[in-house]
Engineer: 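Got a structure here, written out as structure tokens. Questions coming.
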Amino acid sequence: MLKRILKRSSLFVLLLGIGLLLIVLVLTMTLRPYALSSVLEGYPAPQWPSGGEFATHAAPEPVLNRAQNVRKPASGLSDLLNSSGTSILLALKHDKVVLEHYAEGYSAESLLNSYSMVKSLVGALVLKAVDDGKIASLDATLATILPNVASLPVGSVTLRSVLDMTSGIQFEKPAGVAGDLTRDQKAEALTFNPWSALSKLHIQGIRSILPEMRVVASDSGAFSYQNANTALLGLVLEEVYERPLSDLLNEKIWRPAGAGTFHWRLYPGQADLTAYCCLYATPLSWATVGAFLMANGGDRPFLSKPMHDYLMGVDVDTKSRRSGVYRSQWRYDVLDRQGEVFQGPFAYMLGQRGQITYLFEAENMIVVRFGALKQLLHSTLYEIEHSLR
């Protein structure tokens, strides 16, 4: 008798558990229909392949042009790389690889996730659109560029404020200040909370959330890292060029630079790209793109000189750089540690896990770093110099 009662009790508990699970699933699909899709796709993988849908542009990989004496990291740099879980580090001077590091399981052919480094390329494309006459001015409002947002709160913000993350738009939880890499990076890519606002953007796309995006007037002019800002820039570019964003990147930057294949994540079931995240390419492709942008395209300029100076932050003073500057989806800083050989300003693209592409004009150097954890920003360049010495 006791065994029969226990058996029935166990069955009841099992059925009750299944029933509760079904209720949770129904409520989730009703109240947060994007959550299940987010769970099924998972967090964006650091290395290709990854779950999700992608726009792919195939191209031959750039040639790894090595200097005669390519260095390996010296002890100081090696310790830095190991402590931060660095998978790949490439340093190029005058378009030649002068230092390289590959962790086990990685090579020059590895396709790695940009996370938010791709934001900087979207920012560069917006500056290009102004140069091309597709946008009247960086101070144009979104309403004058995107007619379908004219009646929405986001229609009142300027393109410049969206580029600089000072629009006052609040969709995700505010995070960070311009020079605070630790806090900024918490909001760089998809935080794996399937019920979050960012997850909704990541699954349903920017068009679906436009009516929900608030603009807080008191926050306008203050830095607040919002992936929705970059998602809006993707819409702007597709509107003014009447072309898919992946095609624009390929045509105006990636292919002219001589970079290789890339895969860029699409919103599920949509033609729009996640402009703020998740472009997979080799580190050498990123180095090639960095060199292209630093040289302004070489013989065929990518931007007018004034706009290229703006992109490179020529007007950003040293004092401001010391605090860290964020503008046009790029970051600006300076090397000024006493006693170090490397000195001068640099611009850089940054991703959530410390993916970095440095553009260091003073040394005609591009440095690309991918890894699992964040890495000290200035020390990386200083230790590279020590290794080259």
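When reading the values below, keep in mind they use all heavy atoms of this one structure, side chains included, and skip hydrogens, waters and symmetry mates.
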Engineer: Indicate yes or no: at least one non-hydrogen side-chain atom of Q68 is less than 4.5 angstrom from one of K96.
Structural biologist: no
Engineer: To the nearest 0.5 Å, what is the distance between CD1 (I356) and CG (L377)?
Structural biologist: 5.5 Å
Engineer: Salt bridge between R321 and D317, side-chain N to carboxylate O under 4.0 Å?
Structural biologist: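 A salt bridge is absent here (no side-chain N lies under 4.0 Å from a carboxylate O).
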Engineer: Is it the case that the ring center of F223 lies less than 6.0 angstrom away from the ring center of Y326?
Structural biologist: yes
Engineer: Look up atom CG in L273 and atom CG in L266, then write down how far apart they are to the nearest 0.5 Å.
Structural biologist: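 So the CG of L273 and the CG of L266 are separated by 5.0 Å.
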Engineer: Between D309 and D315, is the side chain to side chain contact (heavy atoms under 4.5 Å, CB included) condition met? List the steps.
Structural biologist: CA-CA 7 Å; D309 286 348; D315 60 314; over 6 Å; no
Engineer: Is R265 paired with E41 through a side-chain N to carboxylate O contact shorter than 4.0 Å?
Structural biologist: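 The answer is yes: the pair qualifies as a salt bridge.
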Engineer: Below 4.0 angstrom, N of the basic side chain to O of the carboxylate: do K252 and D132 qualify?
Structural biologist: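 Judged by the 4.0 Å cut-off on N to carboxylate O distance, K252 and D132 do form a salt bridge.
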Engineer: Mark yes or no: R327 above the aromatic ring of Y332, with NZ or CZ under 6.0 Å from the six-membered ring centre and no more than 45 degrees from the axis.
Structural biologist: yes
Engineer: Do Q329 and T230 have side-chain heavy atoms sitting under 4.5 Å apart?
Structural biologist: yes
Engineer: Identify whether the distance between the nearest side-chain nitrogen and carboxylate oxygen of D139 and R160 falls below 4.0 Å.
Structural biologist: yes
Engineer: Check the pair S110, I88 against side chain to side chain contact (heavy atoms under 4.5 Å, CB included), reporting the backbone distance first and the verdict last.
Structural biologist: CA-CA 9 Å; S110 296; I88 292 179; 4.1 Å; yes
Engineer: Return yes if a side-chain donor-acceptor contact under 3.5 Å exists between K305 and N296, otherwise no.
Structural biologist: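 K305 vs N296: no donor-acceptor pair found between side chains.
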Engineer: Against the six-membered ring of Y267, is R207 placed for a cation-pi contact (under 6.0 Å from the centre, within 45° of the normal)?
Structural biologist: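 The answer is no, since R207 fails at least one limit relative to Y267.
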Engineer: Report yes or no: do V216 and F171 belong to one cluster of Ile/Leu/Val/Met/Phe/Trp/Tyr joined by side chain heavy-atom distances under 4.5 Å?
Structural biologist: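 Different clusters.
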Engineer: Taking 4.0 angstrom as the limit, do R255 and E251 come out as a salt bridge?
Structural biologist: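 No salt bridge links R255 with E251.
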Engineer: If I take atom OG1 from residue T288 and atom CD from residue E61, how far apart are they, to the nearest 0.5 angstrom?
Structural biologist: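 Between atom OG1 of T288 and atom CD of E61 there are 9.0 Å.
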Engineer: Who passes side-chain contact (heavy atoms from CB on, under 4.5 Å) against T144, sequence neighbours left out?
Structural biologist: A140, T141
Engineer: For the residue pair N65 and V97, establish whether any side-chain heavy-atom pair is separated by less than 4.5 Å.
Structural biologist: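 The answer is no; the side chains never approach within 4.5 Å.
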Engineer: Atom CD in Q355, atom CZ in R369: separation rounded to 0.5 Å?
Structural biologist: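 With rounding to 0.5 Å, CD (Q355) is 6.5 Å from CZ (R369).
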Engineer: Around atom CZ of R389, are there more than 12 heavy atoms from other residues, nucleotides or ligands closer than 6.0 Å?
Structural biologist: yes
Engineer: Flag the pair H57 / W254 as yes when their ring centroid distance falls below 6.0 Å, and as no otherwise.
Structural biologist: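 Distance test on ring centres: not under 6.0 Å, no.
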Engineer: Evaluate whether atom CZ of R214 has more than 12 neighbouring non-hydrogen atoms of other residues, nucleotides or ligands under 6.0 angstrom away.
Structural biologist: no
Engineer: Once rounded to the nearest 0.5 Å, what's the spacing between atom CZ of R337 and atom OG of S379?
Structural biologist: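 Going from the CZ atom of R337 to the OG atom of S379 covers 4.5 Å.
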Engineer: Among W330, F346, F342, W286, which residue satisfies the ring pair (Phe, Tyr, Trp, His ring centres under 6.0 Å) criterion with Y358?
Structural biologist: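 Of W330, F346, F342, W286, ring pair (Phe, Tyr, Trp, His ring centres under 6.0 Å) with Y358 is met by F346 alone.
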Engineer: How close do N113 and A45 get, counting heavy atoms only, and between which atoms?
Structural biologist: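 Scanning both residues completely, I find the closest heavy atoms to be ND2-O, 3.1 Å.
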Engineer: Around atom CG of N364, are there more than 12 heavy atoms of other residues, nucleotides or ligands at under 6.0 Å?
Structural biologist: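 Counting neighbours around CG of N364, more than 12 heavy atoms of other residues, nucleotides or ligands fall under 6.0 Å, so yes.
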Engineer: Here's a test for you: under side-chain contact (heavy atoms from CB on, under 4.5 Å), which of L127, V316, L303 qualifies with Y310?
Structural biologist: L127
Engineer: Under 4.5 Å between any side-chain heavy atoms of F54 and W48, yes or no?
Structural biologist: yes
Engineer: Do S220 and T166 have side chains that approach each other closer than 4.5 Å (heavy atoms only, starting at C-beta)?
Structural biologist: no
